[in-house]
Novice: 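Encoded as C-alpha cells, here's the structure I'll be asking about.
Computation of the quantities below employed the complete heavy-atom set of this structure, encompassing side-chain atoms and omitting hydrogens, waters and symmetry-equivalent molecules.
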Amino acid sequence: MLKAVILIGGPQKGTRFRPLSLDTPKPLFPVAGLPLIQHHIAACAKLEECKEILIIGSYPTTVMTQFVSDMQKEYRLIIRYLYEFMPLGTGGGLYHFRDQVRAGNPTGFFLLNGDVCADFPLKKLWKFHDEKPDGLVTIMGTEATRQQSVYYGCMVRETSTNAVTHYVEKPNSYVSTLINCGVYVCSLQVFQVMAEAFQSKQDRFYSANGHGGPEYMSWEQDVLSQLAGTHKLYALQVTNWWSQVKTAGSAIYANRHYLELHQNKSIDAPCKILPDVFIHPTAIVHNTAVIGPNVSIGAGVTIKAGVRIKESIVLNNATVHEHSLVMYSVVGQDSSVGEWSRVEGTPSDPDPNKPFAKMDNTPLFNNDGRLNPSVTILGAGVTVPAERILLNSIVLPHKQLNRSYKNEIIL
C-alpha cells in the first residue's frame with residue numbers, strides 16, 4: 001500500500017498570486033478546468049497501490065471540506081484534509097501529522113508540493129525508489145538553465161548510483177543544473193531523520209531563550225540537505241513537462257500544458273475552436289465566437305457574439321460581451337468585459353531559444369518602480385465598460401473601471 005501527501009501551505013503564502021488568491025485559495029484555482037491540486041490527486045489515483053491522500057495546509061477547514069468531499073466521490077479514494085494550527089513549514093506539517101501518514105503501515109508515500117504542475121511520472125518514480133533498499137527519499141529532478149538553477153533546490157549526484165551527494169536550497173552561486181521538482185517518494189524511516197532534526201531544533205530553541213520557533217521545520221534544509229552524501233537520498237532526472245505555479249502568468253502557462261495533456265476530451269461547442277480548449281458544460285458560448293488556443297472557460301460563463309479569446313482563463317460566471325478581445329489574461333469570477341473592449345497581457349513563457357528554460361517568476365515591479373509586463377488580471381466582480389483597453393494591468397476585485405489603463409495596478 002502507498003499513500004500520498006500534498007502540501008498546500010496557507011492563505012499567508014502565495015502573495016505573488018494575488019489578486020486571484022483573494023477569493024479562491026491558490027490550491028483550488030482552476031487550471032485547464034480543474035482545481036490545481038486535483039491534477040495531483042488524479043495522478044495519484046492512477047496508481048492502484050495508492051489508497052489514501054492526505055492534504056496538509058493551514059487554510060481553514062471550512063474552505064477545503066467541500067472540495068475534499070467531491071474528490072472522494074470522484075476518485076473513490078480516502079482523501080483527508082489535515083489542518084495545521086499554525087504554519088509549520090514544508091517539513092513541520094509533515095512531521096506533525098506523521099502518525100496519520102504511518103497509519104496502516106504503508107510501504108512508502110509520495111510527497112508533492114501543491115504549487116507545482118507536471119505530467120507526474122509517479123509510477124516510474126516509485127519503481128526507481130523501490131529499487132533502492134537503502135534510500136529514504138527519492139527526488140524527482142529536472143534540468144534547468146545555469147542562470148535559473150539558483151532559484152531552485154540544486155543537486156549534485158553520483159552518475160553511477162544516482163545518489164545525491166550535495167543539496168543546496170536556492171544557492172547564492174551556481175551548484176548544478178539539476179533542480180528539485182518538489183515531488184518525492186519517501187520511506188517511513190525518513191521520520192526518524194525528521195525526529196532528530198526536530199530534537200535539535202528544540203534544543204536550539206530552549207538554549208536561545210525561545211528564539212527560532214521549535215515547531216517550524218524546512219523539508220529542504222532540515223531534511224534533504226542532511227541526507228545528502230549519506231546514500232539515503234536519490235534523484236531521478238525526468239524529461240516530463242514540469243513547472244511551478246507562483247504567478248498568474250505561470251497559471252496561463254500551466255493551463256496550456258494541462259490542456260495538451262488532456263486534449264482527448266471532446267468539446268461540444270457551436271463556436272469555432274482552436275485547440276486546445278476547455279469549456280465547462282454550463283457555459284454559454286455564441287456560435288460566432290472564436291475560442292483558443294489554450295483557453296479555459298469556467299462554469300456559468302457567457303461568451304457573446306463575435307468575441308475572440310486566446311491564451312486565457314475565464315473564471316466562473318464571468319461575461320464577455322459582444323466583439324471583445326481577451327488575450328493572455330485571467331478574467332475573474334463574476335467579472336464583465338464590455339462590448340468592443342480589449343483586455344490583453346504579455347506572455348511570460350520560458351525562453352524558447354534556451355534549452356531547459358523554466359518560467360521566470362519576475363518581481364511585480366522593475367528597478368525603476370514600474371510594473372513589469374505580464375498577463376492582465378481582472379479580480380472577482382470587476383466591470384470593464386464598453387470600448388475600453390486594458391493592457392498589462394492588474395485590477396483588484398469589485399472595481400468598476402471608468403477609462404482605459406496600461407501598465408497599472410488599479411486599487
Side-chain angles (χ1 to χ4, degrees), residues 3-45 50 52-75 77-94 96-97 100-101 109-120 122 181-184 219 242-255 257-258 262 278 296 298-299 313 315-316 330 332-333 359 361 377 379-380:
K3 291 190 179 185
V5 177
I6 304 173
L7 304 177
I8 63 171
Q12 71 287 341
K13 296 288 187 181
T15 53
R16 283 179 285 178
F17 207 67
R18 293 175 183 165
L20 300 176
S21 56
L22 293 177
D23 51 275
T24 302
K26 183 180 169 184
L28 303 186
F29 182 81
V31 178
L34 300 178
L36 180 59
I37 60 171
Q38 186 173 343
H39 295 284
H40 298 59
I41 294 170
C44 295
C50 187
E52 183 177 32
I53 298 173
L54 303 174
I55 303 170
I56 299 177
S58 54
Y59 288 95
T61 305
T62 51
V63 170
M64 300 297 296
T65 299
Q66 187 60 53
F67 171 76
V68 170
S69 175
D70 293 343
M71 293 300 98
Q72 286 191 111
K73 291 175 185 174
E74 183 163 348
Y75 295 101
L77 271 175
I78 301 170
I79 302 175
R80 290 190 291 154
Y81 177 60
L82 305 177
Y83 173 66
E84 291 180 14
F85 59 94
M86 61 181 287
L88 298 173
T90 49
L94 176 65
H96 182 77
F97 292 110
Q100 285 89 332
V101 178
F109 63 95
F110 293 100
L111 181 65
L112 302 96
N113 286 351
D115 65 350
V116 302
C117 49
D119 179 10
F120 296 102
L122 298 185
C181 292
V183 178
Y184 316 87
W219 169 256
W242 171 89
S243 182
Q244 288 182 317
V245 179
K246 297 289 188 185
T247 62
S250 56
I252 297 288
Y253 178 68
N255 185 63
H257 283 275
Y258 273 138
H262 308 309
F278 168 82
S296 291
I313 298 173
L315 300 179
N316 296 354
V330 179
Q333 59 187 19
M359 286 286 298
N361 292 315
I377 305 169

Novice: Please examine the side chains of Lys3 and Ile53, heavy atoms only from C-beta on, and report whether any two atoms are closer than 4.5 Å.
Specialist: no
Novice: Does Thr24 offer a backbone N or O that forms a donor-acceptor pair with the side chain of Ser21 under 3.5 Å?
Specialist: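 Judged by distance alone, no pair lies under 3.5 Å.
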Novice: Are side-chain heavy atoms of Pro27 and Ile37 found at a separation under 4.5 Å?
Specialist: yes
Novice: Excluding sequence neighbours, so at least two apart, what forms ring-ring contact (aromatic ring centres under 6.0 Å, His included) with Phe97?
Specialist: none
Novice: Please check this pair: side chain of Thr65 against backbone of Thr61, looking for a donor-acceptor N/O pair closer than 3.5 Å.
Specialist: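 Present.
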Novice: Go through it in stages, so that I can follow the logic: the residues are Val5 and Ile55, the test is side chain to side chain contact (heavy atoms under 4.5 Å, CB included), and I'd like the CA-CA distance, side-chain angles, deciding distance and then a yes or no.
Specialist: CA-CA 6 Å; Val5 177; Ile55 303 170; over 6 Å; no
Novice: Under 4.5 Å between any side-chain heavy atoms of Val31 and Val245, yes or no?
Specialist: no
Novice: In Å, rounded to the nearest 0.5 Å, how long is the span from SG of Cys117 to NE2 of His257?
Specialist: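 Result: 8.5 Å between the selected atoms.
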Novice: Which heavy atom of Pro30 sits nearest a heavy atom of Leu315, and at what distance?
Specialist: CG-CD2, 3.4 Å
Novice: Should Ile41 and Ile79 be marked as a side chain to side chain contact (heavy atoms under 4.5 Å, CB included) after you check the CA-CA gap, both sets of side-chain angles, and the distance that decides it?
Specialist: CA-CA 9 Å; Ile41 294 170; Ile79 302 175; 4.0 Å; yes
Novice: Take Asp23 and Gln333 through the side chain to side chain contact (heavy atoms under 4.5 Å, CB included) test and state the conclusion after the steps.
Specialist: CA-CA 9 Å; Asp23 51 275; Gln333 59 187 19; 3.3 Å; yes
Novice: Heavy atoms, side chains only, cut-off 4.5 Å: are Glu52 and Gln100 in contact?
Specialist: no
Novice: When you compare the side chain of Ile252 with that of Ile313, does any pair of heavy atoms fall below 4.5 Å?
Specialist: yes
Novice: Any donor and acceptor pair, going by atom type alone, linking the side chain of Tyr81 with main-chain N or O of Tyr59 inside 3.5 Å?
Specialist: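 Such a contact is found between Tyr81 side chain and Tyr59 backbone.
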Novice: Checking the side chain of Asn255 only, and the main-chain atoms of Ala32 only, is there a donor and an acceptor separated by less than 3.5 Å?
Specialist: yes
Novice: Search all heavy atoms of Tyr75 against all heavy atoms of Ala45 and return the closest pair with its distance.
Specialist: CD2-CB, 3.7 Å
Novice: Checking side chain to side chain contact (heavy atoms under 4.5 Å, CB included) for the pair Gln38/Glu74: CA distance, chi angles, key distance, verdict?
Specialist: CA-CA 10 Å; Gln38 186 173 343; Glu74 183 163 348; 3.5 Å; yes
Novice: Which heavy atom of Ser58 sits nearest to which heavy atom of Gly10, and what is that distance?
Specialist: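 For Ser58 and Gly10, the tightest heavy-atom pair comes out as OG-CA, 3.2 Å.
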Novice: Within this structure, what is the CG-CD distance for the pair Leu77 and Gln72, rounded to the nearest 0.5 Å?
Specialist: 8.5 Å
Novice: First locate atom OG1 of Thr90, then atom CG of Leu7, and finally report the distance between them rounded to the nearest 0.5 Å.
Specialist: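 Taking OG1 in Thr90 and CG in Leu7, the distance rounds to 7.5 Å.
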Novice: Identify the heavy atoms of Asn113 and Val116 that sit nearest to each other, and give their distance.
Specialist: O-CG2, 3.3 Å
Novice: Indicate the atoms forming the closest heavy-atom contact of Cys44 with Leu112, along with that distance.
Specialist: SG-CD1, 4.1 Å
Novice: Got Ile8 and Met64 here, is their nearest side-chain heavy-atom distance under 4.5 Å?
Specialist: yes
Novice: Say whether, by atom type as modelled, one donor and one acceptor occur between the side chain of Trp242 and the main chain of Cys181 under 3.5 angstrom.
Specialist: yes
Novice: Angle class for the Tyr258/His262 ring planes (parallel below 30°, perpendicular above 60°, tilted otherwise)?
Specialist: parallel
Novice: Is there side-chain contact between Phe67 and Pro35, with at least one heavy-atom pair below 4.5 Å?
Specialist: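 Sidechains of Pro35 and Phe67: in contact.
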Novice: Counting C-beta onward and ignoring hydrogens, is there a side-chain heavy-atom pair between Val101 and Leu94 closer than 4.5 Å?
Specialist: yes
Novice: Once you round to the nearest 0.5 Å, how far does OH of Tyr83 lie from OG1 of Thr62?
Specialist: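 The OG1 atom of Thr62 is 9.0 Å from OH of Tyr83, to the nearest 0.5 Å.
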Novice: Just to verify, what does Tyr184 make a ring-ring contact (aromatic ring centres under 6.0 Å, His included) with, not counting sequence neighbours?
Specialist: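 Only Trp219 meet the ring-ring contact (aromatic ring centres under 6.0 Å, His included) criterion with Tyr184.
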Novice: Between Phe110 and His40, is the ring centre distance below 6.0 Å?
Specialist: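 So the answer is no for these two rings.
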Novice: Which heavy atom in Gly93 sits nearest to a heavy atom in Glu84, and how many Å separate them?
Specialist: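 The pair with the smallest heavy-atom distance is CA-OE2, 3.5 Å.
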